[in-house]
Chemist: 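The structure's right below; bear with me while I get my questions together.
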Amino acid sequence: MNSGTLVGRLVRDPECITTKNGNMAVYPTVAYDNRKRNGESSTTFRECAAFGKTAEMIERYFKKGSPVLFIGRIEDEEYDYEKNGERKQGKKAKFYIDSFSFLPSASAKDSGNGDGDPPI
């Protein structure tokens with residue numbers, strides 16, 4: 001079973017687009033810290049995808065810097081393109097969002113932060 005949870009912060013404001021078949025889609029990028037056994041840490045940037053109502057809700061309620069908890073699955077996506085006369089091929093892992101939860105932010109108050117975010 002391929003299932004996972006991704007917790008981090010959005011790198012930019014999510015924007016919905018309409019796909020070729022007329023569905024709504026959003027492709028947010030989430031930044032999260034990786035802590036190694038030796039105490040060092042690094043930041044990872046994970047490309048994500050959501051569709052339909054989930055995409056619309058992500059665009060409506062989240063913005064750049066928002067803490068997010070996405071539940072979904074990781075799938076390898078193949079790429080093949082040419083840039084500056086050089087052919088690039090490979091695979092990258094993308095996180096496909098099935099659902100999400102709201103996380104409190106540092107600026108959130110007990111009844112929401114007053115700028116359109118729902119109460120937490």
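Model, not experiment: these values are computed from the prediction.
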Chemist: What pairs of residues pass the salt bridge (Lys or Arg N to Asp or Glu O under 4.0 Å) test when at least one of them lies in residues 12-32, not counting sequence neighbours?
Modeler: none
Chemist: Could you tell me whether the side chain of Tyr79 reaches within less than 4.5 Å of the side chain of Gln89, counting heavy atoms only?
Modeler: no
Chemist: With ILVMFWY side chains joined below 4.5 Å, transitively, what does Tyr27's cluster contain besides itself?
Modeler: Ile17, Phe51, Tyr96
Chemist: Using links of under 4.5 Å between side-chain heavy atoms of ILVMFWY residues, direct or through other members, which residues join Val11 in one cluster?
Modeler: Phe45
Chemist: Cys48 versus Leu6: any side-chain heavy-atom pair under 4.5 Å?
Modeler: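 Sidechains of Leu6 and Cys48: in contact.
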Chemist: Partners of Ile71 by side-chain contact (heavy atoms from CB on, under 4.5 Å), sequence neighbours excluded?
Modeler: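 For Ile71 the side-chain contact (heavy atoms from CB on, under 4.5 Å) partners, ignoring immediate neighbours, are Thr5, Leu69, Ser99.
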Chemist: Enumerate the residue pairs fulfilling salt bridge (Lys or Arg N to Asp or Glu O under 4.0 Å) with a member in residues 88-105, sequence neighbours excluded, ordered by first and then second residue.
Modeler: Glu47-Lys92, Arg73-Asp98, Glu77-Lys94, Glu86-Lys88
Chemist: Applying side chain to side chain donor-acceptor pair (under 3.5 Å), name anything that partners Ser101, two or more places apart in sequence or on another chain.
Modeler: none
Chemist: About how many Å separate CZ of Arg9 and OG1 of Thr29, when rounded to the nearest 0.5 Å?
Modeler: 15.5 Å
Chemist: Is it true that atom CG of Asn84 has more than 12 heavy atoms of other residues, nucleotides or ligands lying nearer than 6.0 Å?
Modeler: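 Counting other residues, nucleotides and ligands, CG of Asn84 stays at 12 neighbours or fewer.
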Chemist: Please name the pair of heavy atoms, one in Pro104 and one in Pro67, separated by the smallest distance, quoted to 0.1 Å.
Modeler: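 For Pro104 and Pro67, the tightest heavy-atom pair comes out as O-CG, 3.6 Å.
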Chemist: Within a strict 4.5 Å, meaning less than it, do heavy atoms of the Ile97 and Thr54 side chains meet?
Modeler: yes
Chemist: Holding to side chain to side chain donor-acceptor pair (under 3.5 Å), I want the full list of residues that pass it with Arg87, two or more places apart in sequence or in another chain.
Modeler: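 Per chain and number, Arg87 pairs via side chain to side chain donor-acceptor pair (under 3.5 Å) with Asp80.
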Chemist: Looking at residues at least two apart in the chain, or sitting in another chain, which of them share a side-chain contact (heavy atoms from CB on, under 4.5 Å) with Ala55?
Modeler: Cys16, Val26, Ala50
Chemist: Indicate every side-chain donor-acceptor pair of residues 35-44 with a distance under 3.5 Å to a residue at least two apart or in another chain.
Modeler:
from	atom 1	to	atom 2	distance (Å)
Asn38	OD1	Glu40	N	3.0
Thr43	OG1	Asp33	OD1	3.2
Thr44	OG1	Asn34	ND2	2.3

Chemist: Do Thr18 and Met24 have side-chain heavy atoms sitting under 4.5 Å apart?
Modeler: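 Yes; the side chains approach each other to less than 4.5 Å.
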Chemist: What residues form a ring-ring contact (aromatic ring centres under 6.0 Å, His included) with Phe100, not counting sequence neighbours?
Modeler: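 Partners of Phe100 by the ring-ring contact (aromatic ring centres under 6.0 Å, His included) criterion, ordered by chain and then number, come out as Phe62, Phe102.
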Chemist: To check you understand the geometry: which heavy-atom pair defines the closest contact between Pro28 and Phe70, and what is its length?
Modeler: CG-CE1, 4.3 Å
